[in-house]
Number of protein chains: 2
Amino acid sequence: MEAMEAKTDYQPLLKSLGLKSTPKRLAMLEMLDGEQAYLSPEDIWKKLKRRFKSIGLPTIYRNLEELEGKNVITKVIHPNRQLYYYFCRHSSHHHHFVCISCKKVQDFTSCAVADIEREIRDKIKGKVVSHIFQVNGLCRECV
Amino acid sequence: MEAMEAKTDYQPLLKSLGLKSTPKRLAMLEMLDGEQAYLSPEDIWKKLKRRFKSIGLPTIYRNLEELEGKNVITKVIHPNRQLYYYFCRHSSHHHHFVCISCKKVQDFTSCAVADIEREIRDKIKGKVVSHIFQVNGLCRECV
DNA sequence: ATCTAAATAGAAATGATTTGCGTTTATAAT
DNA sequence: ATTATAAACGCAAATCATTTCTATTTAGAT
C-alpha cells in the first residue's frame, strides 16, 4: 500500500488570482511545491514534457513570470550564472539559504532588514523598496 | 581656475594583481571609481568609445570579470533585468543600497550576517559560503 | 631593440529569454 | 449543454546579453 500524498488543490489559488486553471499551470505549481530545490525554467520544461506531449518553453516563462508577479513563487539568484531559478514561496517574508551543491532551498527567519531600514532612513535618508537577501552555502547533507 | 581632481593612479594596483596596465583597463577603473552609480558593461563601453576609437565589448566583459574576480569591483543585481552591473568596491565587507531611480549606489554597514550565520549553523546545520544582500530603494534625491 | 605572454578587436557563436501570431481552451453567459 | 470570448498556448523566429575564436597588437621584461 502506498503512502497517501495530500496534494494541495491549486485551483482556488489560481482563481483568486484571476488566472485560469490550466493543466499546465497546475502541474507547474504542484511540481514547484513538491520540489525541495530550485529549478530553472528549462528544468521545469523537461519535467513537464514527460506529462504533456506538446508544451513550449515560452509557456513556462510566461507562467513563471505571472506567478512571480503574484508572489506565489520566488526567484533565486544563481551565484555563477545569470539565470533565474524559481521555487515555491511559503510565507510572506522570509529569506533563502541556497545550497550551492544540491540546490536545495531552505528558509530562515532571522532578518535584520528592520535594522538596515533604520540605517538607510537615518543616514542615507532614502526609502527602501525591496531587498535581495540570499545566503549561499552548503546544506547539512552537502557539508 | 578649475578645481584640482586628485586621480588615483591604478597602475600599482594592477601590477600587484599581476595584470598589465593597459590604457583601457586604467580608463575603466578611473571611470568606475569616479562614478557614483552602477554601470552596465554596455554603459562603460559607450563611454569609452569616446576616448578610444576602437574598443570592443568583449574587452569590457573580460576586464570586468577579471577585476571582479580580484575583488576590485562588485556586481550589482538589477531588480528587473537579469543584467549585471558593476561598480568600484571600497571596503572589504559592505552592502549596497541601490537607488532604482538614479542608479546611485551607497554602502551601508549594518549587517546581520553574523546572526544569520548563527541561525544557519544551529538550525539548518549548513555552512555559509557567500551571500547576496542588496537593498533597493530611492535615495535622498529621488524620494 | 627584442621577445613573449597577455590583451585586444572584430566577427561569429551561444544560449537564455521574449515576441508575434494563428490556434486551442477554460470559463462565464446563454 | 452550447456558445462566446478572452486568456493560454505552441511553434517559429527574433532579441539581446554574453562568450568564444582567431589573428593582431602591445606591455613589460630581457
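So you know, we letter chains A, B, ... as the sequences are listed, proteins then strands, and number each from 1.
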> Using a cut-off of 4.0 Å between protein heavy atoms and nucleotide atoms, how would you tag nucleotides 21-30 of chain D 5' to 3' with B, S and -?
Replying inline: B-----BS--
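- With the nearest nucleotide of DNA chain C identified for both Gly18(B) and Glu42(A), Gly18(B) has the one nearer the 5' end.
- Considering only heavy atoms from C-beta on, Tyr10(A) comes within 4.5 Å of Asp33(A) through its side chain.
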Show me the side-chain donor-acceptor pairs of residues 55-64 of chain A shorter than 3.5 Å, one per line, residues at least two apart or across chains.
| from | atom 1 | to | atom 2 | distance (Å) |
| --- | --- | --- | --- | --- |
| Asn63(A) | OD1 | Arg25(A) | NE | 2.9 |
| Asn63(A) | OD1 | Arg25(A) | NH2 | 3.4 |
| Asn63(A) | ND2 | Thr59(A) | O | 3.4 |

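- Taking side-chain N and O atoms only, Lys53(A) has no distance below 4.0 Å to OP1 or OP2 of dG10(D).
- A straight line from CG of Leu57(B) to P of dA12(C) spans 16 Å, rounded to a whole angstrom.
- Here dA7(D) presents its P atom at 19 Å from NZ of Lys24(A), a figure rounded to the nearest Å.
- Within 6.0 Å of atom NZ in Lys127(A), 12 or fewer heavy atoms from other residues, nucleotides or ligands are found, so the atom counts as exposed in its surroundings.
- With distances taken from any side-chain atom of Tyr61(B) to the nucleotides dC9(D), dT8(C), dT19(D), the minimum falls on dT19(D).
- In this structure, Lys49(B) places its NZ atom 13 Å from C1' of dG10(C), rounding to the nearest Å.
- Between Leu39(B) atom CG and dA17(D) atom P there is a gap of 15 Å when expressed in whole angstrom units.
- Scanning all heavy atoms of the two residues, the minimum distance from Lys24(B) to Ser54(B) falls at NZ-O, 3.1 Å.
- Asp43(B) places its CG atom 11 Å from the P atom of dA17(D), with the value rounded to the nearest Å.
- At least one side-chain heavy atom of Leu67(A) sits less than 4.5 Å from a side-chain heavy atom of Leu14(A).
- An end-to-end axis angle of 40° holds for the helix from dA1(C)-dT30(D) to dT30(C)-dA1(D), taken from five base pairs per end and rounded to 10°.
- Spacing between atom CG of Asn63(B) and atom C1' of dA9(C) amounts to 13 Å, rounded to whole angstrom units.
- In this entry the distance linking CG of Leu26(A) with P of dT25(C) reads 16 Å, nearest Å.
- The two residues Phe52(A) and Ala27(A) come nearest to each other via the heavy atoms CE1-CB, 3.8 Å.
- Within the 4.5 Å cutoff, no side-chain heavy atoms of Met31(A) are placed close to those of Arg51(A).
- Between the CD1 atom of Ile60(B) and the C1' atom of dG10(C) there is a distance of 14 Å, given to the nearest Å.
- Counting heavy atoms from C-beta on, the side chains of Thr74(A) and Leu32(A) never come closer than 4.5 Å.
- Two residues are said to be in side-chain contact when any heavy atoms from C-beta on lie closer than 4.5 Å; Pro23(A) and Leu26(A) fail this criterion.
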